[in-house]
A.B. asks: 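Here it is, the structure, as structure tokens.
Being a predicted model, the structure only gives us computed values, none of them experimental.
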Amino acid sequence: MTARLTLIALIGIAPGTLAQESTEPARAACGSPFCFGWCVISAERGPFRLGQPDQVGVAPPGWTIVVPPLPPAPPKPGETPKPVPPVPWKPLFFDNDFLYVDNPESPYRNTFDFLKRRQTLGDNVVTSFGGEFRWQGRGEDNRRLTGEQNNFNLFRERLYLDTWFNDRFRLYGEVHFADASRQTVPPIFSDLDHGDTNNLFGELKLYEAVDGWWSFRYGWKEELLFGNQRMVSPLDWANVRRTFALVPHLFHRGKNWNVDLFWSRPNIILARQFNQPNYDQQFFGSYLTYKGTPNRLYDVYYLGLLSDRDNVVPLNGEVGAYQVHTLGIRYQGAQNNWLWEGEVAYQFGGSTPPGTGQHISRSAGMVTTGFGRKFARLPFTPELWFYYDYASGNRGPDAGSFNRFNQLFPLGHKYLGYMDAVARQNILSPNVNLKLFLGKRAELLFWYYNFQLASARDGLFTAGGALERIDPTGRAGRDVGNEFDIVLTVFQNPNTEWQFGLAHLWAGSFIQRTAATPAQAEDSNFFYTQFTVRF
């Protein structure tokens, strides 16, 4: 009782005030502007409460969600729709939605609401501040198929400042710092970045109506995310997220349609310098999403990637001059607990290998099909998916055309094994995953893959696009191996989560026959622990 009274005295309120407000289910704090919800930590109230009216919803990590959320179906006749807590944190922080803070009658509260939607000059200037801290501890055994062990830690901090002027003009800036502990093998390029910007742009809202708005962004850097992240993703799994430079971006967000038109240059990550645009590459395109039908999503897109002749920065195994034009469609749906998704893309253009002066026409493609079922009445609400992924490969050095699919800028970690040993290039993979929902605080994911090369005479590429192994003769065969992943995600509260992952790759005949040492022919293991807090 003495400790309780001391705490009350420190935050400057009377004991009777606390007792009176404790009966209000809509408030997590005691009422003091300096409390922020930490004064009462209990099963009934406070910042550790989860899934209750006074808390916002949880945002799961982007690489453990199989498909994005579908447009909700309208309520049945006579049915009262259940209130859904807002999920303010989005995969792109500049899409974060804290509008519920503006409504004094809203039952939802979060510990860090005092940082959001701060109004000055009346309501003419609205500013939000937030960020994220993430730690990963990794244990790797032949994960890169080099036969080496590597145990290390990764650290990442992100901060953003978002300011709107008269709800018409916006300035958005986001910075990050990424570091790693000492590793026994050289760090990969996305492990280190000692201070840089993720996003830095201005936005002008051109037109606004009841059913949506058009906006134009232009700035030094912007993250891009389209569809289910198979083609374009900020790559949140990496310690340094992927960004694009000099981005003019015209887009529409509406009730039924999303439209994006953009042009950019990919950024080159420099650990101890400011990241620089690759002026030898251009990335541009359009992406359309129709969401006007309940429980359905339709995507249609064109993405162009041009590389100049003197480009020496490898991307997905290609250097020099090349042109990659990608046409794609994606369809996702759900009906009576049945789930499905499909995506098809075709690439054309050309390639000029360095030093040859010979232009080779490009013809490549990828197909993904998925079919699933949610068992809503079983314990843990299991969700089971069967997928088949295919991406074409080169038929051989003398084939006369370039047939390897270029995965562009994907989140490969999400779909083709947490070992990151496989890219969406020259691969075919039947795979199955099962997700269990362990109450409101935990999710358990199991994923099994079989990997085969689409062409035995082309190579195996990492999720980042680097060439791992190749046998131009094709005698090593096509059997890459099998992988099994287990991921447990625990939501401590709406701001904080833990994740534990375990992956094992059984080496197939291709890995064994292309190994330079006995250690490189062995199976691979990967374990990680991750802690994330957002505010």
A.B. asks: What residues, two or more places apart in sequence or in another chain, satisfy side chain to side chain donor-acceptor pair (under 3.5 Å) together with Ser128?
C.D. replies: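 If we apply the side chain to side chain donor-acceptor pair (under 3.5 Å) test to Ser128, skipping adjacent residues, there are no hits.
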
A.B. asks: Have Tyr298 and Gln332 got a donor and an acceptor in their side chains that come within less than 3.5 Å?
C.D. replies: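 No donor-acceptor contact under 3.5 Å links the two side chains.
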
A.B. asks: Between the side chains of Glu343 and Arg230, is the shortest nitrogen-to-carboxylate-oxygen separation below 4.0 Å, so that they form an ion pair?
C.D. replies: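 Yes.
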
A.B. asks: Hey, is Asp299 close enough to Arg330 for a salt bridge, meaning N to O under 4.0 Å?
C.D. replies: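 Between Arg330 and Asp299 there is a salt bridge, with a charged N closer than 4.0 Å to a carboxylate O.
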
A.B. asks: Considering residues at least two apart in sequence or located in another chain, which fulfil the ring-ring contact (aromatic ring centres under 6.0 Å, His included) criterion with Phe262?
C.D. replies: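 Scan of Phe262 (ring-ring contact (aromatic ring centres under 6.0 Å, His included), adjacent residues dropped) gives Phe226, Phe283.
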
A.B. asks: Who pairs with Phe177 by side chain to side chain contact (heavy atoms under 4.5 Å, CB included), at least two apart in sequence or on another chain?
C.D. replies: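 Partners of Phe177 by the side chain to side chain contact (heavy atoms under 4.5 Å, CB included) criterion, ordered by chain and then number, come out as Glu157, Asp179, His194.
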
A.B. asks: Are Asn316 and Gln407 close enough that a side-chain donor and a side-chain acceptor fall under 3.5 Å?
C.D. replies: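 Per modelled atom types, Asn316 and Gln407 side chains form a pair under 3.5 Å.
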
A.B. asks: List the residues meeting side chain to side chain contact (heavy atoms under 4.5 Å, CB included) with Ala364, not counting sequence neighbours, and say none if there are none.
C.D. replies: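 Side chain to side chain contact (heavy atoms under 4.5 Å, CB included) check on Ala364 returns Gln347, Ser392, Phe405.
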
A.B. asks: Going by the rule salt bridge (charged side-chain N to carboxylate O under 4.0 Å, His left out), which residues pair with Glu208 if we only count those two or more places apart in sequence or in a different chain?
C.D. replies: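 Scan of Glu208 (salt bridge (charged side-chain N to carboxylate O under 4.0 Å, His left out), adjacent residues dropped) gives Lys205.
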
A.B. asks: Does Glu318 have any salt bridge (charged side-chain N to carboxylate O under 4.0 Å, His left out) partners at least two apart in sequence or in another chain, and if so, which?
C.D. replies: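 Once residues adjacent in sequence are excluded, the partners of Glu318 under the salt bridge (charged side-chain N to carboxylate O under 4.0 Å, His left out) criterion are Arg362.
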
A.B. asks: Just by distance, with hydrogens left out, do Asn267 and Asn278 show a side-chain donor and acceptor under 3.5 Å apart?
C.D. replies: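 Asn278 and Asn267 do not have a side-chain donor-acceptor pair below 3.5 Å.
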
A.B. asks: Holding to ring-ring contact (aromatic ring centres under 6.0 Å, His included), I want the full list of residues that pass it with His249, two or more places apart in sequence or in another chain.
C.D. replies: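 Once residues adjacent in sequence are excluded, the partners of His249 under the ring-ring contact (aromatic ring centres under 6.0 Å, His included) criterion are Phe251.
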
A.B. asks: How would you list, by chain and number, every residue that makes a side chain to side chain donor-acceptor pair (under 3.5 Å) with Tyr415, sequence neighbours excluded?
C.D. replies: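 In terms of side chain to side chain donor-acceptor pair (under 3.5 Å), with neighbours along the sequence ignored, Tyr415 is linked to Asn228.
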
A.B. asks: When you check the gap from the basic side-chain N to the acidic O, do Asp458 and Arg395 get nearer than 4.0 Å?
C.D. replies: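 Salt bridge absent between Asp458 and Arg395.
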
A.B. asks: Does Glu497 have any salt bridge (charged side-chain N to carboxylate O under 4.0 Å, His left out) partners at least two apart in sequence or in another chain, and if so, which?
C.D. replies: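 Partners of Glu497 under the salt bridge (charged side-chain N to carboxylate O under 4.0 Å, His left out) test: Arg534.
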
A.B. asks: Please, which pairs that meet salt bridge (charged side-chain N to carboxylate O under 4.0 Å, His left out) have at least one residue in residues 262-278, sequence neighbours excluded?
C.D. replies: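 Salt bridge (charged side-chain N to carboxylate O under 4.0 Å, His left out) check on residues 262-278 returns no pairs.
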
A.B. asks: Who are the side chain to side chain contact (heavy atoms under 4.5 Å, CB included) partners of Glu443, not counting sequence neighbours?
C.D. replies: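 So Glu443 forms a side chain to side chain contact (heavy atoms under 4.5 Å, CB included) with Lys435, Phe437, Phe491.
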
A.B. asks: Looking at residues at least two apart in the chain, or sitting in another chain, which of them share a side chain to side chain contact (heavy atoms under 4.5 Å, CB included) with His252?
C.D. replies: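 Trp214, Trp257, Val259.
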
